[in-house]
Amino acid sequence: MLNILFFGQLKERLQTHGMQQLLQEIYCVADLRKRLQLKGDIWQEQLALGKTLVAVNQKMASEEERLKDGDEIAFFPPVTGG
Amino acid sequence: MLNILFFGQLKERLQTHGMQQLLQEIYCVADLRKRLQLKGDIWQEQLALGKTLVAVNQKMASEEERLKDGDEIAFFPPVTGG
Amino acid sequence: MASNIQIRVQEADFDLGHEYKQLRDDNPSDGAIVTFVGLVRDINQQQVVTGLFLEHYPAMTEGALRGIVDLAKSKWPLGRVTVIHRVGQLDVSEQIVFVGVTSCHRKAAFDGAEFIMDYLKTQAPFWKKETTSEGDKWIQAKIEDQQKLEGWQ
Amino acid sequence: MASNIQIRVQEADFDLGHEYKQLRDDNPSDGAIVTFVGLVRDINQQQVVTGLFLEHYPAMTEGALRGIVDLAKSKWPLGRVTVIHRVGQLDVSEQIVFVGVTSCHRKAAFDGAEFIMDYLKTQAPFWKKETTSEGDKWIQAKIEDQQKLEGWQ
C-alpha cells in the first residue's frame, strides 16, 4: 500500500488531503502519477507533469524514483514559503 | 593657509596631528604632498604616493584636486573600519 | 556541530533580539552576524493584502530546512545558524521567517544567509494563501526565485 | 526620503532589537529586513586580541557614511537604512558596526546591506588599532576588501 498526500492548492482542487493506493503495476513515481490522473479530468489536469512536485518519504523525488510498500508520496505545487 | 591633518598610523609615525601650511607654490594635492615630503626621511617615506589616501574638505580627493586658501587636507592610511 | 544549528517551525512569533543573543553569546571567534526577516506585506502584485495563511508538510519541513542549512555549511565557514519559519494564520506586518548566520568572515555570513533564503523559497514545503481585497488566493511560485537559485550553482 | 536614513557614530553600544524595531514599525510595504553586525574577534591573523581602539575623522565620518547609503539607495529600492559605527576603546566580543536595511525585495535588502558594508570597509575614515599578545598594532587594510568593492562596479 502507498500513502498519498496532497498539499496547498492541489489539495483544494482535488478536494482531498490524500488516499491509499495499491502498488499493483506501480513501480515508480511516474506510474503512480499516471494512475492517479485516470481518476478524472481535474486529476488529469492538476497532476500534470511540471505542474506538481513530488516527495517520497519526505524527500524531493524524481519521476524515476522507485516505490515500495509503505512509502509516503506527497504531491504539491511549487513551494512559496519564506 | 591650508589646514593639514593626519590620522591613524600616519599620525603616530609623523608624531603630529597636523599643521598649517602656506599655499605658496602649492596648487594641487600633489604639490602639497611633495612639499611635505621634503620635511625629512620619515615624511618622505610615510607620505609616499599609494601609501596614503587624501581627503580635501572631508571628501576623498585625487592628486590633481586643486587647493585654495582655507582648505582642510587630511592624509591617512587605507581605512580599516567595519 | 549539530548543536550550532537551530531549526524551528512554529505558529508562535519570534523575537529578533533574543535570537541574535543566542547567535552572539560566548562566540568570540565569529566577527560577523547576518540576519534576515521576511514579513507579510500589505500589497502583493498590486492587490491589497489583509492576511496570509501558511500551510506546510509537517513530516518533511524540518528535515528539508536542515538539509538546506547543511548544504550552506558545506559551502561556507559558518558558525551558528538559526532558521525559524512560522505557519498558520498571519496578519499584515507579522514576521514570517528568520534566518541568522554567524561566521568569522563577513562575506560568508552574507552569502550563507542569502543562500539559505533562496533555497528555502524554492525547496522547503511551505505554501502561502493570501487574503486579499478580491478573496483568498494561493500565491504562485515565481520564476525569478528558481532562476536566482541557479545563480549559486 | 532623508528621514528614512539613520547614521550614528558613537562610543556607546547599540541594541539590535531596538534598531530592528525602528526599521520595522509602521513599515508594512517592506517585506524584507537584513541586518549585519560586526564584532571584535578574539583572534586576528593568528594573534590573540584583547581589545581594539577605533579612531576616526570626526568632521568627515558621517558625511562619508551618508554618501555610501545614498549610493546604495540609487542602486536598489531600499526603504529604511540605519548605519551605526562605534569609535573609541572596545573589548573582545563587543559590537563594532550595525547596518540594517529594509526593502520590498529580499535580494535588494541583501545586496544593499552587503554593498554598504563593502564600501564602509574601504571608504569610511575609520582606523583600527589592536591590542594583541605582542603589543598594540594598527590593522593593515586588506587587498581582498578593495577587490570585493570592484565586484559591485
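Below, chain A is the first sequence line, B the second, and so on; all start at residue 1. Everything quoted here is computed from the prediction, not taken from an experiment.
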Which atoms of C:K21 approach chain D - backbone, side chain, both or neither, heavy atom under 4.5 Å: neither
Side chain, backbone, both or neither of D:V97 within contact of chain C (heavy atoms, under 4.5 Å): neither
Close side-chain approach of C:K73 and C:I5, heavy atoms under 4.5 Å: yes
Electrostatic pair D:D13-D:R86, nearest N-O below 4.0 angstrom: yes
Whether D:W152 and D:W76 hold their rings parallel, tilted or perpendicular, with breakpoints at 30° and 60°: perpendicular
Chain D-proximal positions within residues 100-116 of chain C [heavy-atom distance under 4.5 Å]: C:C104, C:R106, C:K107, C:F110, C:D111, C:A113, C:E114
Residue, of C:V49, C:T35, C:V34, that accumulates the most heavy atom pairs under 4.5 Å with chain D: C:T35
Sidechain-backbone polar pair: C:R8 side chain, C:F14 backbone, donor-acceptor under 3.5 Å: no
Main-chain N/O of D:T61 paired to D:R66 side chain as donor or acceptor, under 3.5 Å: no
Among the listed options C:D42, C:V99, C:V40, C:I96, the residue most often paired with chain D at heavy-atom distances under 4.5 Å: C:D42
Greatest number of heavy atom pairs closer than 4.5 Å to chain C - which of D:A32, D:G17, D:G31: D:G31
Interchain contact, C:D118 with chain D, by part (heavy-atom threshold 4.5 Å): both
Close side-chain approach of D:L52 and D:K129, heavy atoms under 4.5 Å: no
Pairing of D:K121 and D:E144 as salt bridge, 4.0 angstrom limit: no
Under 3.5 Å side-chain donor-acceptor pair for D:Q147 and D:K142: no
Among the listed options D:D26, D:L39, D:D15, D:L16, the residue most often paired with chain C at heavy-atom distances under 4.5 Å: D:L39
Residue from D:Q6, D:Q10, D:Q95 passing side-chain contact (heavy atoms from CB on, under 4.5 Å) with D:I84: D:Q10
Part of D:V92 within contact of chain C (heavy atom distance under 4.5 Å): side chain
Whether C:T50 side chain and C:T131 backbone form a donor-acceptor pair below 3.5 Å: yes
